[in-house]
Structure formats: C-alpha cells, structure tokens
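Computed from a prediction, not measured in an experiment: that's the story for all the values here. Each chain gets a letter, A, B and so on, in the order its sequence line appears, and its residues count up from 1.
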2 protein chains.
Amino acid sequence: MGLYHLDDERQAAVHKIRKRVIENIGRNMDLYGIPLSTGHLYGLLYFADKPMNLDEMGQEMKMSKTSMSTGVRTLLDYKMVNKVWEKGSRKDLYEVEYDWYQSFVDFFDIKWRKSVESNIMVLRKALDETEKLHKEHEHDEVLAAVLQEDQAKMREAVAYYKWLERLIDTFVDGDIFNYVPKEPPEGKS
Amino acid sequence: MGLYHLDDERQAAVHKIRKRVIENIGRNMDLYGIPLSTGHLYGLLYFADKPMNLDEMGQEMKMSKTSMSTGVRTLLDYKMVNKVWEKGSRKDLYEVEYDWYQSFVDFFDIKWRKSVESNIMVLRKALDETEKLHKEHEHDEVLAAVLQEDQAKMREAVAYYKWLERLIDTFVDGDIFNYVPKEPPEGKS
DNA sequence: AACTTTGTACAGTTTTTACTGTACGTACTT
DNA sequence: AAGTACGTACAGTAAAAACTGTACAAAGTT
C-alpha cells in the first residue's frame, strides 16, 4: 500500500517516523564502509512498498540520477539490493534484499574474504622470502634471530586469517545459524 | 633483536620484506574503518621488536608527531594497541595487541555493538510511534495497512539486530572458538 | 533509419577527511 | 619556583571522496 494514498497530514506523520529510522540505518551503514548518502538510499528502498527506478530515487533523495546510479551499484556489489524485472517498464528497478541475515553473510563473503585471501598470499610470499634470505646468509646469527621473530609473527598472522576464513565459511554455509539461532532461546528477552 | 644491529644491505632486505606486509595490513585495515596511514602505523608497530614512542613512530613514518598521536589514539580506541609502562622513560610507549583474535572480538564489541544498540533503540521508538499513530486514527484503513507493513519490516529488523547481539556475545565470551576452533580440524590445509 | 529513452563514464566542483604546525597544559627535573 | 619534556587541542592546509552536469553508448520505438 503506497504512502501517497494518504492525506497530507497522515502521510507526513508516517514520513517522519520512517525518516528517523532511515537516518539511523544510513548512519550505521558506515560499518560496511558505505557512504552516508548511499546508506540513506538503502533506507529509502527499505521502506518503499515497491521496487524503485533511478529517477524515483533521485526525486526522493533530491540528488542527481548519476549519484543514484553509483549508489545503487555499490549496494548491488554488496548484494544489499537486487535488480528486479517488471514487464512494461524499460527502466531498471531495484529493491532491497530484505533478508538481512543473508546481507550480513554476503558482506563478509565479499569484502572480508577478499581481504583475508590477499593477506594470506602476501604473508606466504613474505615467509618464503624470509626463508630464502636466511639460507643466503646462514652464518649471520643476528639476521637469523631477526628473521625468526618475523617468521613467528607472520605464522601467527596466517593462522589467524585461516581461522577468519573458517569463520566466514560457517557464515556462508549457514552453520552459524545452528550455533547462534535466528530465534532467541527461551527465557531471553 | 633490533633491526639496526644488521649491516646496511641485510637491514634493507629485511625492511623490504616487512614493507610489503605492512602495506597490505594497512590497506586491508579499511575493513575496520581505519585510515590507510593509521593502518601503516599499526603495521610498523606490529614488526617493532619493542614498544615505540610517538617520536620514533613519527621518524619511521615520516609524519608529524601530531598525526602519530591521533593515529595511536584511534588504535587504542579499538584496543589494537596497548599503552605500555617502562620505568626510566617519560614518554608514552605503545605496542600492538598481538592477539588478533582478541582484536577481532574487541572490534565487534566496540564498534558493531554500539551500532546495533542504537538501531534497536531507534526501531523500538519508531514502533511505539507507529502504534500510537494507529490508535489515533483507528478508522483509517489505508493508514492501518501502511503502518502494518512498516511494523512488520521493523520487527524483522529488530529480530535481526538481536541475533547480531547474540552473535557478538559469542565472540566476546569466547564461545565462538568452541564452534570455530583456532586450531583447524585435522586434514584441512 | 531517425528518434527516444535509459544508464553510466568522465571532467569539474563541492564537501569531507587527513595531515601539519603552533601553542599550550601537565608533569617531571633541577 | 623556573625550566624542560611531553602529548594533544585547535586552526589552517592539503588530499581524498562524494556529488553534479554533460555527453554519449546501447537498446527500444516509430
């Protein structure tokens, strides 16, 4: 049911309530490294009763269509919104992914995993180079001591990132919801 | 064992290896919403063989002491570095928190939890206002329909945030490590 | 094929964030 | 108590990011 079916006064009342929520969602969106305005856009789509196109978004947000385009693309990259097909309309339509658990999982799968993989790769390479350097100067005790410390630290780091990978895996395959169920256990508020 | 005990050539070799790792750590630090240079600072401290003071950091980073001060404060807020006391020195000394699992947990406990709590509060308030508005115009069917949709969405959101709170709880109390152990299960690389 | 409509690349502008230098409060030293 | 060392607040500057308008490519319509 669209907001525009209401008379002005009531429409304004609903709008005011939504606005506070949208602002908050937008503000907290920087946890995901998403700009405030894109967060607002997300909030707008969240309360929209139907998929929106870029022009509608721009109108509501009082921002340029270009900005809407880039904003939506960011949200699409994170799978926080989906493109929707609707016959009759030539415009691209978008709606939010209402399954926030899924959005949470996707965020880690997309952003964190990439970072983790890159870190592991770099650390592996650095460990190799360290080993090589050590072999090249076998009789340098001081160097050996330095390298050993560095290696210990980097091995620790790799172990951590591998743990992070396994954690993300439990997110992606949904196992996390066995351990921390969506429904709260009885007796907890 | 300090790097400066080595001759120039070998010191440079070690430095080069460390540098790549530090750059990567710094770059990936934006996952935590931390500026690149502060990420670098973290990387520097990570490889330092002893706690550092602001002047030393500034020298290594070729940046102002003021920047080091604010950078360190950011890292302290996230508990990624710790202040260290050392008798004899009047300067403040800092070292990284080498327990990265703990840093991970702290990050969520500090940054995500705050956001979650604020979201829940705002949603609760909005739900109340929605209810009030509904009662004030009991015979407005259209309004009722709109409000009902909004309420459904907001209740879903609250449920999600409560799940997130429980997830963060399992991080903080360490339960997560029972489910996703730090040591990988046998047979996995 | 000419004409619309739609989304986005790109260059330029505005706004925000990061960084620096100075200046000052606090606390230690003599 | 005067002097020195240290860390940070604050104002100004430099750099980065967000946003806009124009221009154009792709696809649809007549």
Side-chain angles (χ1 to χ4, degrees), chain A residues 22-23 25-45 48 50-78 80-95 111, chain B residues 22-23 25-45 48 50-78 80-95 111:
Chain A
I22 290 175
E23 303 248 309
I25 290 174
R27 204 172 318 119
N28 291 144
M29 213 74 150
D30 84 323
L31 282 185
Y32 302 101
I34 283 172
L36 183 63
S37 77
T38 306
H40 273 159
L41 176 59
Y42 180 86
L44 173 68
L45 288 169
K50 56 168 187 35
M52 293 179 79
N53 64 49
L54 294 179
D55 290 310
E56 289 166 341
M57 295 177 207
Q59 211 165 340
E60 288 277 345
M61 300 271 299
K62 279 164 190 148
M63 283 177 70
S64 73
K65 197 175 174 179
T66 310
S67 295
M68 295 303 101
S69 179
T70 59
V72 160
R73 192 142 29 120
T74 305
L75 294 171
L76 274 176
D77 287 345
Y78 289 163
M80 287 174 170
V81 308
N82 300 309
K83 203 170 195 166
V84 172
W85 287 105
E86 207 169 83
K87 65 180 174 185
S89 174
R90 268 165 62 188
K91 301 181 198 244
D92 295 353
L93 296 167
Y94 303 92
E95 72 179 358
K111 202 151 184 204
Chain B
I22 289 175
E23 304 248 308
I25 290 175
R27 205 172 318 118
N28 292 145
M29 213 75 152
D30 83 324
L31 282 185
Y32 302 101
I34 285 172
L36 183 62
S37 75
T38 307
H40 273 159
L41 176 59
Y42 180 86
L44 173 68
L45 288 170
K50 55 167 188 34
M52 292 179 80
N53 63 50
L54 294 179
D55 289 309
E56 289 165 341
M57 294 177 207
Q59 209 165 341
E60 288 278 345
M61 300 272 297
K62 279 164 190 148
M63 283 177 69
S64 73
K65 197 174 173 180
T66 310
S67 296
M68 296 304 100
S69 178
T70 60
V72 161
R73 192 143 28 121
T74 305
L75 294 171
L76 274 175
D77 287 345
Y78 289 162
M80 287 174 169
V81 308
N82 300 308
K83 202 168 194 166
V84 171
W85 287 105
E86 206 170 82
K87 67 180 174 185
S89 175
R90 265 164 68 187
K91 301 182 197 240
D92 294 354
L93 296 168
Y94 303 92
E95 73 177 356
K111 202 151 183 205

Interatomic distance, A:Leu54 CG vs C:dT5 P [rounded to whole Å]: 16 Å
Nucleotide C:dA9, atom C1' - distance to CE of A:Met68 in whole Å: 17 Å
Touch class at under 4.0 angstrom, heavy-atom based, for A:Thr38 against every strand present: nothing
Rounded distance (Å) that lies between atom C1' of C:dT6 and atom CG of A:Asn53: 10 Å
Nucleotide D:dC6, atom P - distance to CE of B:Met52 in whole Å: 15 Å
First encountered from the 5' end of DNA chain D, between B:Thr66 and B:Asp55: B:Asp55
Integer-rounded Å distance: C:dC28 P and B:Lys87 NZ: 17 Å
Minimum-distance pair of heavy atoms, taken over all atoms of B:Lys111 and B:Gly33: NZ-CA, 4.3 Å
B:Leu36 CG to C:dC19 C1', straight-line distance once rounded to whole Å: 13 Å
Short side-chain N/O contact to D:dA18 OP1/OP2 from A:Ser37, under 4.0 Å: no
Spacing of CG belonging to A:Leu36 relative to CG belonging to A:Asn28, to within rounding of 0.5 Å: 10.5 Å
N/O (side chain, A:Arg90) to phosphate O (OP1/OP2, D:dA26) under 4.0 Å: no
Any B:Thr70 side-chain nitrogen or oxygen under 4.0 Å from OP1 or OP2 of C:dC19: no
Student check: side-chain heavy atoms of A:His40 and A:Ile22 closer than 4.5 Å: yes
Length of the line joining B:Lys62:NZ and C:dC19:C1', which is rounded to integer Å: 17 Å
Short side-chain N/O contact from B:Ser64 to OP1 or OP2 of C:dT20, under 4.0 Å: yes
Check: A:Ser67/A:Ser64 side-chain N/O donor and acceptor closer than 3.5 Å: yes
B:Lys65/B:Glu56 ion pair, N-O < 4.0 Å: no
For atom CG of A:Leu75 and atom P of C:dG7, their distance in whole Å: 16 Å
Per B:Lys65 side chain, nearest of listed nucleotides D:dG21, C:dT6, D:dG7: D:dG7
Nucleotide of C:dT20, D:dA18, D:dT8 approaching B:Ser69 most closely (side-chain heavy atoms): D:dT8
A:Asp92 side-chain proximity, nearest of D:dC19, D:dG7, C:dG7: C:dG7
